[in-house]
Amino acid sequence: MKHYRFFVLLALVLICCLAACDVSDPPAVKHVTLIIKTPMQEMNALTRPEIRNVPMFLEQAGRAFAASYDRARVTPVIKTFNYVDEAQAVTGSFDTENAPDVLFGAFFNMASYIHTGRVVPLDGVITDDLRRDIDDKIWKMGMVNGKTYMMPFLNMQNILIYNKELFRKCGLDACIGTGTQIRNWTIEEWEKILDTLAAKLPDGVYPLAIFARNNQGDTHILSYLRAFGGAVFDSEGNFDFTGGKIVRALAWLQRGVDRGWYPPHPENLEMKDCSELFANGQLAVYMFNNANRALYSDLEHYGFVNYPGNIATTFVNGFEVFDNGDADRLEAALAFLEYLYRTEEWLDLSAGNMPVSRKVLARYADRIAMLSDFSANAVHVVDFMRNSPNWQGRENSFRNVFWPHIHNLLAGATSPEECAAALNAACNAALDWGRKNSTLHP
């Protein structure tokens with residue numbers, strides 16, 4: 001009987017040991033740090049007025065996404081950068097722990113990153129419903145060789161804004177539009193307005209914003225270069241600054257220095273300098289789009305006009321996803337975009353600007369300031385970059401080689417003809433390098 005009890009006890013011990021050995025440890029929870037980068041940019045969040053800029057939007061959306069994501073424990077890290085530091089923040093951080101998984105920004109900068117081979121096609125996360133919800137022309141801005149690399153979120157139209165009070169003080173009442181109407185002035189009217197402002201504004205107050213200290217003014221200047229009907233690009237998509245109409249525009253810009261159209265030494269000014277002057281009532285005409293209108297509490301004090309030559313441009317802002325060699329980070333980044341675009345709460349934030357989503361536009365059309373004005377003005381929008389590769393992100397990119405020649409022009413160090421020839425050489429070299437060295441994600 002003792003032997004029987006011994007064997008029973010031994011069997012129980014063995015069973016317990018076998019059972020213990022057979023119990024598998026629960027799978028370890030993956031920890032993923034998701035790096036989301038964006039320039040510091042104001043944001044009109046119509047549905048969430050407490051959100052005042054893009055980083056705040058991404059922080060709140062990132063936390064909500066992390067709480068809903070069940071494939072890993074995600075820690076979203078939002079990193080901001082100044083516009084002039086974008087190349088270093090993006091391509092300069094490749095192969096480091098600080099490399100972006102998700103980037104929010106303007107397509108005109110982000111398009112260049114597609115050609116690094118790091119940006120992932122997003123067609124797999126774009127549903128048929130989402131594809132129909134956004135105009136084909138906008139989708140095409142984010143496509144290369146039939147694949148979608150940039151996800152549009154909101155749209156901004158770039159025009160000029162002027163201070164009505166300064167115009168009235170200088171006797172320019174007849175040039176002021178009614179309401180938020182976006183006006184067009186002829187070149188003759190532009191010259192009369194700028195000369196009058198230069199002559200009658202008090203000391204320390206200036207007519208027009210021009211700046212060329214760094215690459216911030218490239219699109220601004222490119223708009224002025226079309227003032228006399230020049231196209232900037234030839235029929236094959238190469239830059240052509242040496243045409244007579246572009247050279248005439250370069251000369252017009254240069255003459256404005258001597259005629260007092262700009263703050264002193266505009267070649268040494270940057271965007272924030274002109275922004276501060278305009279905010280302080282020391283500048284009559286400045287850049288404007290439906291993102292920075294949040295800076296102006298009462299639009300009745302301001303008027304709106306296209307660039308000389310009746311030119312406007314448009315910026316699409318949206319997202320890119322980067323492959324940094326970590327499958328879990330890439331999976332989470334793509335899931336983050338899926339989450340944003342299927343969640344009305346976050347998609348509706350685009351209504352503070354010009355939403356690309358037709359559904360969002362329909363829901364908030366009656367609450368979007370200047371919607372009808374910008375819509376009517378779309379006929380004046382030009383394509384200022386033609387999907388050119390190497391626009392941004394490298395030392396030899398268009399944005400880096402363009403501005404020094406405008407700097408020299410405004411400083412009087414070069415003639416319009418010399419500037420045009422130098423621009424042709426430098427900008428086409430940047431374009432050629434981009435074409436020859438383009439690498440797309442497999």
Side-chain angles (χ1 to χ4, degrees), residues 157-212 217 219-229 248-266 269 271 273-290 292-313 369-370 372-374 376-377 379-381 410:
Q157 193 178 122
N158 296 274
I159 55 172
L160 296 169
I161 182 173
Y162 57 92
N163 185 315
K164 289 181 179 179
E165 181 182 358
L166 293 180
F167 270 50
R168 291 188 180 106
K169 286 182 177 179
C170 295
L172 293 170
D173 303 65
C175 301
I176 297 174
T178 57
T180 53
Q181 170 196 13
I182 301 172
R183 300 204 68 185
N184 288 307
W185 296 328
T186 66
I187 293 297
E188 290 75 19
E189 287 173 324
W190 268 105
E191 292 184 349
K192 175 186 175 183
I193 289 167
L194 294 174
D195 285 339
T196 301
L197 291 170
K200 295 187 176 182
L201 286 172
D203 290 344
V205 185
Y206 312 102
L208 182 66
I210 295 289
F211 45 95
T219 309
H220 186 57
I221 298 296
L222 282 172
S223 296
Y224 282 105
L225 294 190
R226 295 175 180 268
F228 296 93
R248 185 181 175 190
L250 288 167
W252 194 72
L253 278 178
Q254 190 178 57
R255 286 199 303 272
V257 176
D258 292 333
R259 291 168 76 165
W261 291 353
Y262 323 128
H265 297 288
L269 298 178
M271 186 187 300
D273 299 320
C274 291
S275 176
E276 290 171 359
L277 287 172
F278 189 76
N280 293 332
Q282 295 175 266
L283 192 63
V285 185
Y286 182 56
M287 299 156 44
F288 181 79
N289 60 43
N290 39 334
N292 64 14
R293 68 175 174 76
L295 302 175
Y296 312 112
S297 57
D298 190 350
L299 293 181
E300 291 183 2
H301 296 304
Y302 303 98
F304 307 93
V305 63
N306 283 315
Y307 280 84
N310 306 339
I311 296 297
T313 58
M370 294 185 68
S372 60
D373 299 292
F374 282 119
N377 200 55
V379 296
H380 297 293
V381 170
L410 295 175

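No donor-acceptor pair closer than 3.5 Å links the side chain of Arg226 to the backbone N or O of Gly309. Tyr262 places a side-chain N or O within 3.5 Å of a backbone atom of Leu253 that can act as its donor or acceptor partner.
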Problem set entry | Ile221 and Phe211: CA distance, side-chain angles, deciding distance, side-chain contact (heavy atoms from CB on, under 4.5 Å) verdict | CA-CA 9 Å; Ile221 298 296; Phe211 45 95; over 6 Å; no
Exercise. For Tyr162 and Ile193, what are the C-alpha separation, side-chain angles and deciding distance, and is it a side-chain contact (heavy atoms from CB on, under 4.5 Å)?
Worked result: CA-CA 11 Å; Tyr162 57 92; Ile193 289 167; over 6 Å; no
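Pairing each heavy atom of Cys274 with each of Leu283, the nearest pair is O-CD2, 3.5 Å. Annotation for Pro266 and Pro263: closest pair CD-O, 3.3 Å, computed over non-hydrogen atoms. Asn163 and Phe278 make their closest contact through N-CE1, 4.2 Å (heavy atoms, listed as atom of the first residue, atom of the second, distance).
You'll find the side chain of Thr180 reaches within 4.5 Å of the side chain of Phe304, heavy atoms only. In this structure, the side chains of Trp252 and Glu191 come closer than 4.5 Å at one or more pairs of heavy atoms. At a threshold of 4.5 Å between non-hydrogen side-chain atoms, the residues Asn158 and Ser223 do not count as touching. Side chains of Val305 and Ile159 form no contact here, defined as non-hydrogen atoms less than 4.5 Å apart. At a threshold of 4.5 Å between non-hydrogen side-chain atoms, the residues Tyr302 and Phe288 do not count as touching. Taking the side chain as every heavy atom from C-beta outward, Trp261 and Val285 never approach each other to under 4.5 Å. Between Val381 and Phe374 the shortest side-chain heavy-atom distance does not fall below 4.5 Å. Leu172 has its side chain out of reach of Leu166: every pair of non-hydrogen atoms, C-beta onward, lies at least 4.5 Å apart.
Atom-to-atom distance recorded for Arg183:CZ and Leu160:CG is 14.0 Å, nearest 0.5 angstrom. With rounding to the nearest 0.5 angstrom, the CG atom of Leu201 is 9.0 Å from the CZ atom of Phe167. With rounding to the nearest 0.5 angstrom, the OG1 atom of Thr313 is 8.5 Å from the CE atom of Met287. Rounded to the nearest 0.5 angstrom, Glu300 CD and Lys164 NZ are separated by 7.5 Å. Here the OH atom belonging to Tyr286 is positioned 11.5 Å from the CD1 atom belonging to Ile210, to the nearest 0.5 angstrom. To the nearest 0.5 angstrom, Leu197 atom CG is 12.5 Å from Arg259 atom CZ.
Contacts of Glu165 classified as side chain to side chain donor-acceptor pair (under 3.5 Å), with partners at least two apart in sequence or in another chain: Lys169. Take Asn377 and apply the side chain to side chain donor-acceptor pair (under 3.5 Å) test, not counting sequence neighbours, and it matches Gln157, Asn306.
A donor and an acceptor atom, one from each side chain of Asn310 and Trp185, are nowhere located under 3.5 Å apart. A donor-acceptor contact under 3.5 angstrom links the side chains of His220 and Tyr307, judged on distance only.
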